[in-house]
Amino acid sequence: MSRKERIAVYPGSFDPVTWGHLDIVSRASRLFDRVIIAVAKNPLKKPAFTAAERMDMITRSLRGLPLGRPVKVARFDGLLVHYCRKVGARAVIRGLRAVSDFEAEFQMALMNRHLAREVETVYLMPDQRFVYLSSNLVKEVARLGGELDAFVPPFVKSRLLHRKDRG
Ligand code: ADP
């Protein structure tokens, strides 16, 4: 290929991955040559699932998903812009839901731009069915015994239920 590959990094906690995240992945895969889903270890957020478990749930959820171009799952630690430089990515993908996401995302995008001018943050909006969906909400619904099919793929649902059984 003569033209340089366009690589995008989609970072997040994915604790666990939801149909909302997967909707964004699918859209990004139609815009870029390669998308890397970068799973943050995130010790600050005290995730419910380990990074390995979160990566496994994403990998399984990608099977059968309509993807434009290859999507890879990786783990990252440290500064996002350092990771982008390491893998040669010029774009960071983030999902934008309700207005409540805006403030924090704006801060993060401008800080990342300050740290690495060559990396652009691209926001994608999910299908409206997923606008109010978050991993935290899904964990809460799972804990209270609610129906999960509209929010997460089957394998993620079984992991959530298994986790609940463990207490
Ligand atoms: P983080 O801890 O980095 O916010 P998340 O896993 O919560 O990690 O989210 C990763 C990215 O996915 C963020 O850009 C977030 O806005 C986006 N996202 C999360 N849920 C949805 C959803 N339902 N629809 C669209 N984007 C989403």
Trainee: Mind checking whether Val87 and Val81 sit in one hydrophobic cluster, side chains of I, L, V, M, F, W, Y counted as touching below 4.5 Å?
Mentor: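 Unlinked, Val87 and Val81 end up in two clusters.
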Trainee: Can you name the nearest heavy-atom pair linking Val9 to Pro11, along with the distance?
Mentor: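 In terms of heavy atoms, the two residues are closest at O-CD, 3.4 Å.
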Trainee: Any side-chain heavy atom of Asp127 sitting closer than 4.5 Å to one from Arg27?
Mentor: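 Yes, at least one pair of side-chain atoms sits under 4.5 Å.
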Trainee: Can you hop from Val152 to Phe130 via hydrophobic side chains spaced under 4.5 Å?
Mentor: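 Yes.
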Trainee: Does any non-hydrogen side-chain atom of Val119 lie less than 4.5 Å from one of Val92?
Mentor: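 In short, these two side chains touch, coming nearer than 4.5 Å.
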Trainee: Nearest 0.5 Å, what's the NE2-NZ distance between His162 and Lys157?
Mentor: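 Answer rounded to 0.5 Å: 15.5 Å.
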Trainee: Any chance CD of Glu118 has more than 12 other-residue heavy atoms, nucleotides or ligands included, within less than 6.0 Å?
Mentor: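 Count over threshold, so yes.
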Trainee: With the side chain counted from C-beta on, respond yes when Met108 and Arg94 share a heavy-atom pair under 4.5 Å apart, and no when they do not.
Mentor: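 Met108 vs Arg94: side chains touch.
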Trainee: Treating Thr18 as the side-chain partner and Ser134 as the backbone partner, does any N or O pair qualify as donor plus acceptor under 3.5 Å?
Mentor: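 Such a contact is absent between Thr18 side chain and Ser134 backbone.
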Trainee: Return the CZ to CD distance between Arg97 and Gln128, rounded to the nearest 0.5 Å.
Mentor: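 Nearest 0.5 Å value for the CZ-CD distance: 16.0 Å.
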Trainee: What's the verdict on side chain to side chain contact (heavy atoms under 4.5 Å, CB included) for Arg75 and Met55, showing C-alpha distance, side-chain angles and the deciding distance?
Mentor: CA-CA 8 Å; Arg75 179 199 316 235; Met55 289 172 72; 3.7 Å; yes
Trainee: Identify the heavy atoms of Val138 and Leu148 that sit nearest to each other, and give their distance.
Mentor: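 What the structure gives for the nearest pair is O-CD2, 3.8 Å.
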Trainee: Which heavy-atom pair separates Val17 from Ser61 by the least distance, and what is that distance?
Mentor: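 What the structure gives for the nearest pair is CG1-OG, 3.7 Å.
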Trainee: Is the closest basic N to carboxylate O distance between Lys4 and Asp33 below 4.0 Å?
Mentor: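 Looking at Asp33 together with Lys4, the answer is no, because their closest N to O distance does not fall below 4.0 Å.
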Trainee: Of all the heavy-atom pairs spanning Ser26 and Leu67, show the shortest one and how long it is.
Mentor: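 Nearest heavy atoms, Ser26 then Leu67: CA-CD2, 4.2 Å.
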Trainee: Can you name the closest pair of heavy atoms from Ile24 and Met125 and give their distance?
Mentor: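 So the two residues come closest at CD1-C, 4.0 Å.
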Trainee: Is there a path of hydrophobic side-chain contacts, each under 4.5 Å between heavy atoms, that joins Val73 and Val156?
Mentor: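 Linked, Val73 and Val156 end up in one cluster.
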Trainee: Tell me whether the guanidinium CZ or amine NZ of Arg69 lies under 6.0 angstrom from the six-membered ring centre of Phe32 and within 45° of its axis.
Mentor: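 That pair does not qualify as a cation-pi contact.
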Trainee: Nearest 0.5 Å please: distance from the CG atom of Leu96 over to the CD atom of Glu105.
Mentor: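 Taking CG in Leu96 and CD in Glu105, the distance rounds to 6.5 Å.
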Trainee: Please assess Thr121 against Arg113 for the test side chain to side chain contact (heavy atoms under 4.5 Å, CB included), listing each intermediate value before the final yes or no.
Mentor: CA-CA 8 Å; Thr121 306; Arg113 178 180 287 167; over 6 Å; no
Trainee: Which value, rounded to the nearest 0.5 Å, describes the distance between Asp101 atom CG and Tyr123 atom OH?
Mentor: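 Result: 9.0 Å between the selected atoms.
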Trainee: Please tell me if the side chains of Pro126 and His21 come closer than 4.5 Å, counting only heavy atoms from C-beta onward.
Mentor: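 A side-chain contact is absent here, since even the closest heavy-atom pair is not under 4.5 Å.
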Trainee: Can you tell me how far the NZ atom of Lys86 sits from the CG atom of Leu79, to the nearest 0.5 Å?
Mentor: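 Those atoms lie 12.5 Å apart.
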Trainee: Would you call Leu65 and Val71 a side-chain contact if the rule is heavy atoms closer than 4.5 Å?
Mentor: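 They are not in contact (no side-chain heavy atoms under 4.5 Å apart), so the answer is no.
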Trainee: Say whether, by atom type as modelled, one donor and one acceptor occur between the side chain of Asp15 and the main chain of Pro47 under 3.5 angstrom.
Mentor: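 Looks like no, no N/O pair under 3.5 Å.
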Trainee: Can you get from Leu160 to Leu133 by hopping between Ile, Leu, Val, Met, Phe, Trp and Tyr side chains that sit under 4.5 Å apart?
Mentor: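 Yes, Leu160 and Leu133 fall within the same hydrophobic cluster.
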Trainee: Any heavy-atom pair between the side chains of Pro16 and Ser135 that's under 4.5 Å?
Mentor: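 Yes, at least one pair of side-chain atoms sits under 4.5 Å.
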Trainee: What about Phe14 and Ile93, same hydrophobic cluster or not, with Ile/Leu/Val/Met/Phe/Trp/Tyr joined at side-chain heavy-atom distances under 4.5 Å?
Mentor: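 Yes.
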Trainee: Could you check whether any side-chain heavy atom of Leu124 comes within less than 4.5 Å of a side-chain heavy atom of Tyr10, counting everything from C-beta outward?
Mentor: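 When only atoms from C-beta onward are counted, Tyr10 and Leu124 do not touch, as no gap falls below 4.5 Å.
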Trainee: Report, as yes or no, whether the 6.0 Å neighbourhood of atom CZ on Arg85 holds more than 12 heavy atoms from other residues, nucleotides or ligands.
Mentor: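 Atom CZ in Arg85 is packed in, count exceeds 12.
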Trainee: Starting at CZ of Arg117, measure out to CG of Asn112 and round the result to the nearest 0.5 Å.
Mentor: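 Separation between the atoms: 12.0 Å.
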Trainee: Which heavy-atom pair separates Trp19 from Pro153 by the least distance, and what is that distance?
Mentor: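 Where Trp19 meets Pro153 most closely, the heavy atoms are CZ2-CA, 3.5 Å.
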Trainee: For Arg143, does its backbone N or O pair with a side-chain atom of Arg163 as donor and acceptor, under 3.5 Å?
Mentor: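 Looks like no, no N/O pair under 3.5 Å.
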Trainee: Is a salt bridge present between Glu5 and Arg34, judged by a nitrogen-to-oxygen distance below 4.0 Å?
Mentor: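 Arg34 and Glu5: salt-bridged.
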Trainee: Does the distance from a Lys or Arg side-chain N to an Asp or Glu carboxylate O, for Arg159 and Glu53, drop under 4.0 Å?
Mentor: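 Looking at Arg159 and Glu53, the cut-off is met.
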Trainee: Given side chains that start at C-beta, do those of Phe155 and Met57 come closer than 4.5 Å, heavy atoms only?
Mentor: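 Side-chain contact under 4.5 Å: yes.
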